[in-house]
Amino acid sequence: MWQLHETAHPVLTDEGGAILDEHTGRWSYLTPTASAAVMLLLASTDQQEAADQFAERYGIGAGQAAADVRAVTETLAVQGLAHDGTKPARRPRGYWGKRWRA
């Protein structure tokens with residue numbers, strides 16, 4: 001099941017949204033459609049269900065909806081804000097909350 005990391009804090013609306021990464025203090029801003037995809041992903045049991053609801057909401061084909069939802073999930077995963085639940089990645093923390101550098 002797709003989910004945000006416990007250190008990612010979303011603020012999502014129909015007009016757009018943002019996700020705060022508490023490790024870096026940076027906000028990742030979302031378009032209205034990306035925000036909708038995240039809301040659907042958080043409320044769904046899997047990405048396919050979210051993509052089906054996304055297609056219905058925006059009146060687009062299933063293939064395009066799946067590609068759009070996948071793009072959101074992959075982007076947030078690369079940014080370290082989300083994971084698919086199979087291997088919840090934890091960021092190692094050093095002294096005073098600083099991240100270890102490899």
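Between Trp2 and Leu76 the shortest side-chain heavy-atom distance falls below 4.5 Å. Between Gln79 and Asp21, every side-chain heavy-atom pair lies at or beyond the 4.5 Å cut-off. Between Asp84 and Met1 there is no side-chain heavy-atom pair separated by less than 4.5 Å. Side-chain atoms of Leu81 and Ser28, non-hydrogen and from C-beta on, do get closer than 4.5 Å to each other. For the pair Ile19/Leu4, a side-chain contact is recorded, criterion being any heavy-atom separation below 4.5 Å from C-beta on.
Nearest heavy-atom pair across Leu30 and Ala34 is CB-CB, 4.1 Å. Taking both residues in full, the closest heavy atoms of Ala55 and Gly61 are given as CB-O, 4.2 Å, listed atom of the first, atom of the second, then distance. Ala82 and His5 make their closest contact through N-CD2, 3.3 Å (heavy atoms, listed as atom of the first residue, atom of the second, distance).
Applying the salt bridge (Lys or Arg N to Asp or Glu O under 4.0 Å) test to residues at least two apart or on different chains, none of the pairs has a partner in residues 63-83.
Distance check, rounded to the nearest 0.5 Å: CZ of Phe54 to CE of Met39 gives 10.5 Å.
Leu20 forms part of a hydrophobic cluster together with Val11, Trp27, Tyr29, judged by ILVMFWY side-chain heavy-atom separations under 4.5 Å.
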Practice prompt. Start with the C-alpha distance between Leu40 and Val69, add both sets of side-chain angles, then the distance that settles side chain to side chain contact (heavy atoms under 4.5 Å, CB included), and finish with yes or no.
Written response: CA-CA 9 Å; Leu40 292 169; Val69 169; over 6 Å; no

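Between the side chain of Glu49 and the backbone N or O of Thr45 there is at least one donor-acceptor pair closer than 3.5 Å. Judged by distance alone, with hydrogens and angles left aside, the side-chain atoms of Ser35 form no donor-acceptor pair with the main-chain N or O of Thr31 at under 3.5 Å.
With salt bridges taken as basic N to acidic carboxylate O contacts below 4.0 Å, one links Asp14 and Arg57.
For Glu56, the side-chain contact (heavy atoms from CB on, under 4.5 Å) criterion is met by no residue, not counting sequence neighbours.
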